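Structure first, then comments.
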Amino acid sequence: MKKFSIAVAGGGSTFTPGIILMLIENLDRFPIKEIKLYDNDKERQSIVAGACEILLKEKAPEIKFVETVDPEEAFSNVDFVMAHIRAGKYAMREKDEKIPLKHGVVGQETCGPGGVAYGMRSIGPVLELIDYMEKYSPDAWFLNYSNPAAIVAEATRRLRPNSNILNICDMPIGIEELMASSIGLTSRKEMEVKYYGLNHFGWWFDIRDKEGNDLLPQIRDHVSKYGYVTADESKQHSDASWNSTFAKAKDVQALDPDTLPNTYLKYYFYPDYEVDHSNPEYTRTNEVMEGREKFIFSECQKIVDNRTSAGTELTIDEHASYIVDLARAIAFNTKERMLLIVENNGAISNFEPTAMVEVPCLVGSQGPEPLVMGEIPRFQKGLMEQQVAVEKLVVEACIENSYQKLWQALTLSKIVPSARVAKDVLDDLYEANKEYWPELR
């Protein structure tokens, strides 16, 4: 069986150690000969890379390990690029969340103004990574799970239409694990789902087991009472904010009880509730920095200092297993059924063909084959058309350096209450992001 070479772009991410452990765990399914970590922040990456190098030496010494900030070294002779970058790191995420809240608007990293700001920062760096890959490994595949995935996917559709890119998000995978747990299944892979929407903006409308039995009524009943909170404590998130989000799915589902919603819809349906229950001085970013960020870097430093991973509390990132499934599907033409963000082209028959939608696809060596989900109801169609317009305007604003289109995008966002508020938020975000955004005119 062929062994593959992988570049992880965003090597200094707190998610990298879990992904490395997950790749090691799945070597029998997806053999690897080389792993390269690439980041433009050498100091940050060095701590994570030091720990990952020790993990690999202990658990899979046959795998060559490279840590680099040089694009040619990172992207030469690779089969896959796994990209999870955060332009501006947590310092800018904090501004994405706190600036909108200052104006009484939801502060969230992928939804509303925060997502627009993050998208404007992400487009250029993601395209740069794609260009590196195509220059040094033109036959490789770019597996993108960098946020905000919807805006990044639209940008790659517009600006790199012929590149080998797959855009994917782990949020539906996490929700499906909670669904499976809620009805006593051990894994989401015991279910086959039908889903339509945009990234962080979609609905499940058919869920069956492998024998074709309908599981949707049972899961709907659970969600209508408890949201995505389950009795299995191992499935609950360590952060209170996430468990609150899972519980809020009960109220989100009430808008259309026949379907099951993506949790992020709460920001669009209940923005007033979210603002009222947010602390403008302490947002999700602060929770992550004081929790996950501190923990991961502390554990990595401990491994580096001790020269062994013995006793580490780092764990496999189970949600990241979809990355192996995706890479295997391309490498071995498995036709794995997965939710991907792809150009619509009729997958949703009554929706804009060029919209980047999230639907089930069969993935093989030629890429994704979207499955037809048919017509969608007016309620979802109207919401999605508004949100797609926001995403397309953001990308156009980035391409055209257009202040006007970015103002239009924020005004059109369901999360923002008025054009005046949109302009006030935009002006503050632009001032905060001058180092990262193109110059607007």
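This structure is a prediction, so every number in the text was calculated from the model and none was measured.
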Using only atom types and a distance under 3.5 Å, with no angle test, would you say the side chain of [X] pairs donor to acceptor with the backbone of [Y]?
X    : Y    : result
D427 : D424 : no
R121 : N433 : no
Y228 : T263 : no
N344 : I348 : yes
N262 : L265 : no
H222 : V229 : yes
W141 : G367 : no
H103 : V421 : no
E97  : T285 : yes
S122 : G119 : no

Take D96 and R93 through the test salt bridge (Lys or Arg N to Asp or Glu O under 4.0 Å) and record every step on the way to the result. CA-CA 5 Å; D96 293 344; R93 175 178 173 175; over 6 Å; no
Testing the basics here: between [X] and [Y], what is the closest heavy-atom pair and its distance to 0.1 Å?
X    : Y    : result
I168 : I341 : N-CD1, 4.3 Å
M133 : A140 : CE-O, 3.6 Å
L429 : P113 : CD1-O, 3.7 Å
I173 : R188 : CG2-NE, 3.2 Å
A249 : V223 : O-CG1, 4.1 Å
L129 : A83  : CD1-CB, 4.4 Å

Are side-chain heavy atoms of [X] and [Y] found at a separation under 4.5 Å?
X    : Y    : value
V106 : C111 : no
L406 : V394 : yes
M356 : E343 : yes
I20  : V48  : no
R158 : I123 : no
D251 : Y273 : no
C300 : I303 : no
L371 : L362 : yes

For the residue pair [X] and [Y], does the interplanar ring angle fall in the parallel (under 30°), tilted (30 to 60°) or perpendicular (over 60°) class?
X    : Y    : answer
Y145 : Y322 : perpendicular
F201 : W203 : perpendicular
F205 : Y196 : tilted
Y38  : Y132 : perpendicular

A quick test of your reading: do over 12 heavy atoms of other residues, nucleotides or ligands sit less than 6.0 Å from [atom1] of [X]?
X    : atom1 : value
K189 : NZ    : yes
R420 : CZ    : no
Y226 : OH    : no
K98  : NZ    : yes
K302 : NZ    : yes

Looking at F297, I'd like to know if the NZ or CZ of R44 sits under 6.0 Å from its six-membered ring centre while staying within 45 degrees of the ring's axis.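 Geometry flag: not set, cation outside 6.0 Å or 45°.
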Using side-chain contact (heavy atoms from CB on, under 4.5 Å), reason through V116 and S413 one step at a time and then give a plain yes or no. CA-CA 10 Å; V116 169; S413 174; over 6 Å; no
Report yes or no: do [X] and [Y] form a side-chain donor-acceptor pair below 3.5 Å?
X    : Y    : value
Q301 : D305 : yes
Y268 : Q386 : no
T110 : Q108 : yes

Determine, step by step, whether E299 and T312 satisfy the side-chain hydrogen bond (donor to acceptor under 3.5 Å, both in side chains) criterion, reporting the C-alpha distance in whole Å, the side-chain angles of both residues, the deciding distance to 0.1 Å, and the verdict. CA-CA 6 Å; E299 286 296 302; T312 184; 3.0 Å; yes
Check the pair R86 / E109 against side-chain contact (heavy atoms from CB on, under 4.5 Å), numbers first and verdict last. CA-CA 11 Å; R86 179 180 291 280; E109 69 160 336; 2.8 Å; yes
Can you tell me how far [atom2] of [Y] sits from [atom1] of [X], rounded to the nearest 0.5 angstrom?
X    : Y    : atom1 : atom2 : result
C361 : L340 : SG    : CG    : 4.5 Å
S402 : L393 : OG    : CG    : 8.5 Å
L215 : D209 : CG    : CG    : 5.0 Å
L37  : E53  : CG    : CD    : 9.5 Å

Give the intermediate values and the outcome of side-chain hydrogen bond (donor to acceptor under 3.5 Å, both in side chains) for residues S146 and N144. CA-CA 6 Å; S146 303; N144 179 59; 3.1 Å; yes
Please check if the distance between the ring centroids of W204 and Y195 is under 6.0 Å.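 Yes - the distance between ring centres of W204 and Y195 falls below the 6.0 Å cut-off.
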Please test T354 against K392 for side-chain hydrogen bond (donor to acceptor under 3.5 Å, both in side chains), starting from the C-alpha separation and ending with a verdict. CA-CA 10 Å; T354 65; K392 287 182 176 292; 3.1 Å; yes
Going through the distances and angles, do H200 and N147 end up as a side-chain contact (heavy atoms from CB on, under 4.5 Å)? CA-CA 10 Å; H200 290 181; N147 273 322; 4.1 Å; yes
Can you tell me which residue among V152, I151, N199 is in a side chain to side chain contact (heavy atoms under 4.5 Å, CB included) with E391? I151
Per the side chain to side chain contact (heavy atoms under 4.5 Å, CB included) rule, which among L412, L198, V416 passes with V390? L412
Hey, could you give me each pair passing salt bridge (charged side-chain N to carboxylate O under 4.0 Å, His left out) that has a residue in residues 254-270? Not counting sequence neighbours. K266-E274
Under the salt bridge (charged side-chain N to carboxylate O under 4.0 Å, His left out) rule, what pairs show up with a residue in residues 432-441, not counting sequence neighbours?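 Matches after skipping sequence neighbours: E431-K434.
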Taking D131 first and then R160, would you say they form a salt bridge - that is, a charged N and a carboxylate O separated by under 4.0 Å? yes
Would you please test V8 and H84 for side-chain contact (heavy atoms from CB on, under 4.5 Å) and show each step? CA-CA 8 Å; V8 177; H84 59 162; 3.5 Å; yes
